[in-house]
Protein chains: 2
Amino acid sequence: MKGINLEDMSFLLKLISDKTRLTMLAYLKNGEMCVCEFVAVFDLSQPAISQHLKKLRTAGIICERKQGTWVYYRLNPDLPVYISDLIRALPTLIIKKCSCQTSKLPPTPSVKDGV
Amino acid sequence: MKGINLEDMSFLLKLISDKTRLTMLAYLKNGEMCVCEFVAVFDLSQPAISQHLKKLRTAGIICERKQGTWVYYRLNPDLPVYISDLIRALPTLIIKKCSCQTSKLPPTPSVKDGV
DNA sequence: TATAAATATTATCATTCACTTATATATTGC
DNA sequence: GCAATATATAAGTGAATGATAATATTTATA
């Protein structure tokens, strides 16, 4: 996945520059995040969150991992350099508590579990 | 001029990500460029060009230099790092010939003239 | 299998945005 | 001052976009 020409770069930058999606990427700097966590963090409806994530996923910016009913998203490790540089420039955000039934949440496999 | 928070970054990235404006910045990597040159390069009306340049100027991405009837634009040397990095990632474009009366054009002062 | 929870999809709507046309402003040279 | 050139501004329009509400899909569990 490379942003060779201006057309592609324009497309990806426009996709990323939306405030909600840019904030999503800032959160994903820390690692995986569940859809329900995004729903908890933003003052937006669940469908709105879902649609933003779909755009990022379709563009290849993020990857998904399904575990039961939950869907976890993470940054695509193979991003164009100018995109990963941009993400690196984002402030790091703290993840708030999830709105879903956290007691039933499967343990989020951390990096060291080697997913 | 710094893009500290996500709000500012979103604003600037959205502004830059437009294909026409991104292409303008790619041209400006080479140095100054006259408005009439932009008009010659793009398949857009003169007012459309003017409005794009105004957005870039108002946001502090580019600076202007007036010389007679002509207006030259150049990159603001003091851009947020993540913006200048982005511009550096842009392909370098060749400037086509201007549509205005080139015979009357004042000589464009190059970098070595120390404007 | 029925229910609930998490997520995705669809339809619709309001807003934003980039474009065009028309007009205004500014500078140069006669 | 007047005409021509370069650029900017204003008004209006169509398309793209982000939001919501309603509904569908999927999975776990009682």
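Not measured: the values here are computed from a predicted model. Lettering of chains follows the sequences in order, A, B, ..., and the numbering in each one begins at 1.
As judged by a 4.0 angstrom heavy-atom cut-off over every strand, A:K55 is placed among residues touching the sugar-phosphate backbone only. Using a 4.0 Å heavy-atom criterion, one finds that B:L44 contacts the sugar-phosphate atoms exclusively. Using a 4.0 Å heavy-atom cutoff across all strands shown, A:Y73 reaches sugar-phosphate atoms only and no base atom.
Taking side-chain N and O atoms only, A:T69 has no distance below 4.0 Å to OP1 or OP2 of C:dA6. When the side-chain nitrogen and oxygen atoms of A:S45 are compared with OP1 and OP2 of D:dG18, none of them lie within a distance under 4.0 Å. Contact check, A:H52 against D:dA19: a side-chain N or O comes under 4.0 Å of OP1 or OP2.
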Using a 3.5 Å cut-off and no angle test, enumerate the donor-acceptor pairs between side-chain atoms of residues 10-23 of chain A and protein atoms at least two apart in sequence or in another chain.
residue: A:S10; atom: OG; partner: B:S17; partner atom: O; Å: 2.7
residue: A:S10; atom: OG; partner: B:K19; partner atom: N; Å: 3.4
residue: A:S17; atom: OG; partner: A:L13; partner atom: O; Å: 3.2
residue: A:S17; atom: OG; partner: A:K14; partner atom: O; Å: 3.0
residue: A:D18; atom: OD2; partner: A:T20; partner atom: N; Å: 3.0
residue: A:D18; atom: OD2; partner: A:R21; partner atom: N; Å: 3.1
residue: A:K19; atom: NZ; partner: B:E7; partner atom: OE1; Å: 3.1
residue: A:R21; atom: NE; partner: A:L15; partner atom: O; Å: 2.5
residue: A:R21; atom: NH1; partner: A:H52; partner atom: ND1; Å: 3.0
residue: A:R21; atom: NH2; partner: A:L15; partner atom: O; Å: 3.3
residue: A:T23; atom: OG1; partner: A:K19; partner atom: O; Å: 2.7

Just distance, no hydrogens or angles: give the donor-acceptor pairs under 3.5 Å from side chains in residues 54-63 of chain A, sequence neighbours left out.
residue: A:R57; atom: NE; partner: A:Y73; partner atom: OH; Å: 3.0
residue: A:T58; atom: OG1; partner: A:K54; partner atom: O; Å: 2.8

Any protein N or O atoms within reach of nucleotides 10-13 of chain D? Criterion: under 3.5 Å, listing atom names and distances.
residue: D:dA10; atom: N6; partner: B:Q51; partner atom: NE2; Å: 3.1

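For A:Q67 and D:dT26, the CD to P distance is 19 Å, given to the nearest whole Å. Taking atom CD1 on A:I16 and atom P on D:dG18, their separation rounds to 13 Å, with Å as the unit. Rounded to whole Å, atom C1' of C:dA18 lies 14 Å from atom CG of B:D43. Distance B:F11 CZ to C:dC17 C1': 13 Å, rounded to the nearest Å. A:I49 places its CD1 atom 14 Å from the P atom of D:dA21, with the value rounded to the nearest Å. Taking atom CG of B:L53 as the reference point, atom P of C:dC19 lies 12 Å away to the nearest angstrom. The CD1-C1' distance, from A:I62 to C:dT7, rounds to 13 Å in whole Å. Rounded to a whole Å, the CE atom of B:M33 is 15 Å from the C1' atom of D:dA6.
B:T69 pairs by the side chain to side chain contact (heavy atoms under 4.5 Å, CB included) definition with nothing, not counting sequence neighbours. Scanning for side chain to side chain donor-acceptor pair (under 3.5 Å) contacts around B:K29 gives B:T92, with sequence neighbours left out.
Between the side chain of A:N5 and the main chain of A:D8, a donor-acceptor pair closer than 3.5 Å is present. The main-chain N or O of A:C34 is found under 3.5 Å from a side-chain atom of A:E37 such that the two form a donor-acceptor pair.
Of the residues near DNA chain D, A:D18 and A:K66, the one whose nearest nucleotide (by heavy atom distance) lies more toward the 5' end is A:D18.
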Worksheet item: Run the side chain to side chain contact (heavy atoms under 4.5 Å, CB included) check on B:M24 and B:I49 step by step: do they pass?
Response: CA-CA 10 Å; B:M24 284 175 160; B:I49 299 296; 3.9 Å; yes
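Between the side chain of B:Q46 and the base of D:dA6 there is no donor-acceptor pair of N/O atoms closer than 3.5 Å.
Listed nucleotides: D:dT9, C:dA8, D:dT17. Nearest to the side chain of A:K14: D:dT17. Nearest to the side-chain atoms of B:A48 among the listed nucleotides D:dT7, C:dT20, D:dT9 stands C:dT20.
The minimum heavy-atom distance between B:L93 and A:L6, with the atom names listed, is CD1-CD1, 3.8 Å.
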